Each structure stands twice: as structure tokens, then as C-alpha cells.
Amino acid sequence: MLIQIETPDDIDAIHDLTSIAFEPMAYSDGTEAAIIGRLRASGDLTVSLVAEEDGEILGHVAFSPVMIDGVHAGWFGLGPMSVKPDRQRQGIGKALIARGLELLEKMGASGCALIGNPDVYRGAGFSSDGRLSYHDLDTRLVQHIVLHGPAPSGTLRFAPAFEN
Ligand SMILES: CC(C)(COP(=O)(O)OP(=O)(O)OC[C@H]1O[C@@H](n2cnc3c(N)ncnc32)[C@H](O)[C@@H]1OP(=O)(O)O)[C@@H](O)C(=O)NCCC(=O)NCCS
């Protein structure tokens, strides 16, 4: 399996994979594939990685700039992330996250934040100390990993593509 930065040829496959992976999820509102398209169109798709095997895209993860208390201080958000349903729980998601964090660190990013199931992200190094919040969501679901500098504190806001 190879993990690579997306190319224009991957765009349709990323859209289809994202739709299929999120479709059974109760928390999905069905907008995840469109969010990736809007991030790309607005220049906010900072890192977009695909996991490929034999020319097939098995997984994808997006990273985009976020604001904390209204300021972008080098923090990025992880998501949407998708793995082909019949290839989930085989380490593909973890490998995508690890490569993404490596690239963000090389770019000098301060860190990465996300909203999701702690059981999925704990092993990749994400945690919550309750100081980063997102609307009235349980802060245990608002997780982060520091790459440089201090731990984040404040209200997390994703790129406008998530709000359209
Ligand atoms: C979330 C998703 C991308 C994870 O990808 P994956 O390739 O299955 O994940 P991995 O096999 O690398 O597992 C990473 C960790 O998550 C855990 N995990 C994976 N799926 C899980 C699940 N459904 N429930 C609880 N833990 C899960 C694994 O046990 C592993 O934990 P570890 O690091 O402590 O060993 C994939 O399940 C998916 O596409 N889900 C549908 C779309 C979605 O919900 N995206 C994320 C929104 S928050």
C-alpha cells in the first residue's frame, strides 16, 4: 500500500470513497464528500492523502486550516477521513494520519485537531484535556495533537467549506 498526495486523477475516486464510507454512519449528514470538494475549491485542502493498492484508492484523509478563538495559529483540522468499508480496521486510517502529521510537522504546523471517536484517534496520539471546545459538544470528542508549541485552548472553528 502506498500513501501519496492526491493528484487530479484521484478526485472522483475520493468523492465516491467518502460517500460510501460515511453512508452507514449515524452521525453523517451526507455532506462529507462535498466538503472535500469545497475545501479543494477554496484552497483550504492543505494536505489530501490517498492510500492506494494496485491502483485502487482504499483510503483518504484531508487536513485543512482551523481557527482557535478566531485565530489561525498554525493549527489544522483532520477530516473528513474514509477507508473503504471492507478494508477498515486494518491500519489504513492510522497510516494516513501518521503520514499527514509528518507532512504538517515538516510544514511547521503547530498541531492538529479533530472531532471524532477517541477510540479511533488515541492510538495515533490524539487526546483531549477539555480546553479545546466545539459548540456544546462533549470536549472528549474534541481532540488534538501538538506538533510545536503550547497546547491549544479555546473554541475550535473549521474552514468555511464545512459550514456551507
Ligand atoms: C474512521 C476510519 C477512517 C478509520 O479507518 P481504519 O482504517 O478502519 O482505522 P485503523 O484500522 O487504522 O484503526 C485506527 C484505530 O481506530 C480503531 N478503530 C477503527 N475503527 C473503529 C471503530 N469503528 N470503532 C472503534 N475503534 C475503531 C482501531 O482499533 C485503531 O485503534 P488503535 O490505534 O488503538 O489500534 C474508518 O473506519 C471509516 O472510514 N469510517 C467511516 C467514515 C468515518 O466515520 N470517518 C471518520 C469520522 S470521525
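On a predicted model such as this, the values are computed, not experimentally measured, just so you know. One-based numbering, in listed order, for ligands and for the atoms of each.
Residue Arg87 has no N or O atom closer than 3.5 Å to an N or O atom of ligand 1. At under 3.5 Å, a nitrogen or oxygen of Val83, whether backbone or side chain, sits near a nitrogen or oxygen of ligand 1. The N/O atoms of Met81, backbone and side chain alike, include one that comes under 3.5 Å of an N/O atom in ligand 1. Between Ser82 and ligand 1, no N or O atom pair is found at a separation short of 3.5 Å.
There is a protein heavy atom less than 4.0 angstrom from atom 44 (O) of ligand 1.
With a 4.0 Å cut-off on non-hydrogen atoms, Gln90 touches ligand 1 through its backbone and not its side chain. Both the backbone and the side chain of Gln88 come within 4.0 Å of ligand 1, counting heavy atoms alone.
For atom 31 (O) of ligand 1, the candidate residues are Ile115, Asn117, Leu17, Asp119; the nearest heavy-atom contact is made by Asp119.
Protein heavy atom nearest atom 34 (O) of ligand 1, with residue, atom name and distance: Gly123 CA, 4.1 Å. Closest to atom 11 (O) of ligand 1 among all protein heavy atoms lies Gly91 N, 2.8 Å.
Ring-plane geometry between His72 and Phe76 is classed as perpendicular, the angle between the planes exceeding 60 degrees on a 0 to 90 degree scale with a lower cut at 30.
Ligand 1 lies out of reach of Arg122, whose nearest heavy atom is not under 4.0 Å from it.
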